[in-house]
Amino acid sequence: MASLTRSIKTMSNDLYKERNLKKLVSKFKQYSDITRFRTKTGIYESTVHRLASAKRFKWIEEILEHQKQYRPDITKENFNVRLVSLYGKCGLFENAQKVFDEMPERSLKSVNAILSACVNSNKYDKLESLFHELPEKLKVKPDVVTYNIMIKGLCEKGELDKVVVLVDEIEKNGLNPDLVTFNTILGAVYANGKFDDGEKMWNLMVKKNVKPDIRSYNAKLVGLVNENKVSEAVKVVDELGSFELKPDVFTYGALIRGYCKKGDLEEAKKWYGELVKSGSAPDKVIFGSVISSACEKGDFDWAFELCKEVFKRKCNVDVKLLQGVVDGLVKSSRVREAKEVVHLGKSNDYHLYKLNLPLDE
């Protein structure tokens with residue numbers, strides 16, 4: 001068993017290190033002949049993700065269709081559910097539907113998988129029709145997971161009024177909305193400027209004795225920032241410790257965005273410092289906020305330092321953001337720093353930024 005485990009690990013590492021995607025597909029199909037390999041969901045997901053990122057959808061179809069030769073695997077529901085899920089995650093809904101339709105056995109797990117494939121493939125109209133048809137057709141009763149998938153789809157589609165009705169339906173069917181239910185809804189309503197609706201849903205969550213987590217609070221922070229209530233957002237963050245919760249990158253990001261929006265660069269700097277001190281890594285959204293704000297305020301000392309941090313952390317940001325810093329540095333007669341940003345854009349080992357050094361007028 002130990003030697004088999006090592007060989008699976010070797011195969012996994014081999015696929016991970018393979019840069020030639022055509023060879024990756026060939027090796028994956030070869031390794032699929034090994035029964036133990038076919039149990040490793042993580043290897044399947046990472047390989048499909050790589051191919052999807054490179055938009056090699058035909059090759060995704062090739063490796064997944066290849067799996068259908070393996071019996072008795074293909075007769076098992078769990079194996080088919082994985083194929084449905086993988087097809088859905090890369091937007092190949094028709095393939096997912098075909099696998100689902102051909103399954104010899106289908107339970108609620110299969111229904112939830114095809115509904116998730118609808119959401120992941122942005123097939124929202126199909127989601128609604130299947131949500132209403134499949135449970136009755138297959139004689140299965142929807143669970144909270146089923147409703148959560150439907151709620152996620154409706155939120156992504158922007159049909160938030162239907163979501164509230166669905167929460168009532170969950171309870172009428174003798175089920176209880178869980179943290180996933182509330183977090184999905186809170187994230188959508190707060191982000192879409194429906195602050196009062198968010199507060200009502202928050203109160204319902206508390207009434208149902210569902211304990212908010214950091215994701216819940218981050219959704220509320222987004223709502224507060226969108227309402228220009230940054231000081232109230234800070235109070236919420238200050239209280240997180242009493243709920244045994246720690247701020248994460250999204251927590252700090254909300255406050256940083258709020259202060260940048262207000263034009264308060266000093267407070268944005270302060271919270272950016274707290275973010276770094278916490279050990280969290282700034283993402284492209286945060287870099288976008290602070291670099292833009294620094295340039296608007298003419299703080300090119302900080303903008304220059306932030307640019308260096310972008311390259312140090314290998315973060316992909318909009319080239320216009322970096323070009324704005326280069327232009328600002330040149331206008332401020334800081335050509336040496338501008339040249340350094342241009343050089344970093346061309347010489348880094350993860351992304352080529354074609355930055356231009358403006359000519360002196």
Side-chain angles (χ1 to χ4, degrees), residues 119-120 122 124 127 144-145 147-171 176-264 267-268 271-272 274-275 278 280 282-290 292-293:
V119 175
N120 290 329
N122 303 322
Y124 302 118
L127 169 69
V144 175
V145 174
Y147 282 104
N148 286 345
I149 295 166
M150 186 64 187
I151 286 170
K152 182 181 179 184
L154 291 173
C155 287
E156 290 183 5
K157 193 180 179 183
E159 296 189 347
L160 301 181
D161 293 338
K162 289 185 180 180
V163 169
V164 178
V165 175
L166 217 53
V167 173
D168 292 335
E169 188 179 320
I170 291 174
E171 296 182 315
N176 293 311
D178 60 12
L179 185 59
V180 174
T181 313
F182 286 112
N183 277 348
T184 303
I185 300 171
L186 291 173
V189 294
Y190 279 131
N192 282 281
K194 296 181 177 290
F195 186 79
D196 291 340
D197 290 341
E199 292 297 276
K200 288 176 186 176
M201 195 56 62
W202 186 281
N203 292 334
L204 179 61
M205 176 172 63
V206 173
K207 183 181 176 182
K208 296 291 181 185
N209 294 316
V210 177
K211 187 178 179 182
D213 64 2
I214 192 62
R215 184 179 169 188
S216 317
Y217 281 99
N218 287 343
K220 183 188 275 283
L221 291 175
V222 168
L224 288 168
V225 166
N226 286 345
E227 293 286 305
N228 294 315
K229 298 178 179 179
V230 187
S231 56
E232 289 184 36
V234 172
K235 288 179 184 176
V236 170
V237 174
D238 288 340
E239 292 169 0
L240 287 177
S242 61
F243 305 122
E244 298 181 345
L245 294 172
K246 288 184 178 181
D248 62 14
V249 64
F250 301 105
T251 314
Y252 292 114
L255 295 184
I256 290 167
R257 185 171 67 85
Y259 280 116
C260 286
K261 188 178 173 184
K262 280 183 69 175
D264 191 339
E267 282 296 315
W271 286 105
Y272 180 85
E274 291 295 321
L275 162 70
S278 74
S280 296
D283 57 22
K284 66 181 295 183
V285 176
I286 292 174
F287 276 127
S289 293
V290 290
S292 295
S293 190

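The shown structure was predicted, so the numbers you read here are calculated from the model rather than taken from an experiment.
Side-chain atoms of D283 come within 3.5 Å of backbone atoms of V285 as a donor-acceptor pair (strictly under, hydrogens ignored). S293 contributes no side-chain N or O that, together with a main-chain N or O of S289, makes up a donor-acceptor pair within less than 3.5 Å.
Each of V234, L224, L221 was evaluated against K229; a single residue qualifies, L224, per the side-chain contact (heavy atoms from CB on, under 4.5 Å) test.
The shortest side-chain heavy-atom distance between E169 and M150 does not fall under the 4.5 Å cut-off. Counting heavy atoms from C-beta on, the side chains of T184 and V180 come closer than 4.5 Å. Side-chain contact between E156 and V119: present, with at least one pair of heavy atoms (C-beta onward) separated by less than 4.5 Å. Counting heavy atoms from C-beta outward, V210 and T181 have side chains that stay 4.5 Å or more apart. Annotation: side chain of I214 is not in contact with side chain of F250 (no heavy-atom distance under 4.5 Å). For the pair Y272/P282, a side-chain contact is recorded, criterion being any heavy-atom separation below 4.5 Å from C-beta on. Contact check for V163 versus V189: no side-chain heavy atoms found under the 4.5 Å cut-off. No side-chain heavy atom of P212 sits under 4.5 Å from any side-chain heavy atom of F182.
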Trace of the side chain to side chain contact (heavy atoms under 4.5 Å, CB included) decision for R257 with V222: CA-CA 9 Å; R257 185 171 67 85; V222 168; 4.0 Å; yes
Y259/V230 under side chain to side chain contact (heavy atoms under 4.5 Å, CB included): CA gap, chis, key distance, verdict: CA-CA 7 Å; Y259 280 116; V230 187; 3.5 Å; yes
Check against side chain to side chain contact (heavy atoms under 4.5 Å, CB included), Y190 and N226: CA-CA 8 Å; Y190 279 131; N226 286 345; over 6 Å; no
Worked verdict on T251 versus L245 for side chain to side chain contact (heavy atoms under 4.5 Å, CB included): CA-CA 11 Å; T251 314; L245 294 172; over 6 Å; no
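For the pair A233 and L255, the tightest heavy-atom approach, listed with the atom from each and the gap, is CB-CD2, 3.6 Å.
Residue K152 places its NZ atom among 12 or fewer non-hydrogen atoms of other residues, nucleotides or ligands, all under 6.0 Å distant. Within a 6.0 Å sphere centred on CG of N203, heavy atoms belonging to other residues, nucleotides or ligands number more than 12. Counting heavy atoms of neighbouring residues, nucleotides and ligands inside a 6.0 Å radius, atom NZ of K157 exceeds 12 of them. Annotation: F195, atom CZ; neighbour count of heavy atoms from other residues, nucleotides and ligands within 6.0 Å is above 12. Environment of CG in D196: sparse, with no more than 12 heavy atoms of neighbouring residues, nucleotides or ligands closer than 6.0 Å.
To the nearest 0.5 angstrom, L275 atom CG is 9.5 Å from D248 atom CG. We find the CG-CD distance between L166 and E159 to be 11.5 Å, quoted to the nearest 0.5 Å. Once rounded to the nearest 0.5 Å, the distance linking CG of L160 with CD1 of I151 reads 11.0 Å. The distance from the CG atom of N183 to the CE atom of M201 is 12.0 Å, given to the nearest 0.5 Å. To the nearest 0.5 Å, the span separating CE on M205 from CD1 on I185 amounts to 10.5 Å. Between Y252 atom OH and S280 atom OG the span is 6.5 Å, to the nearest 0.5 Å.
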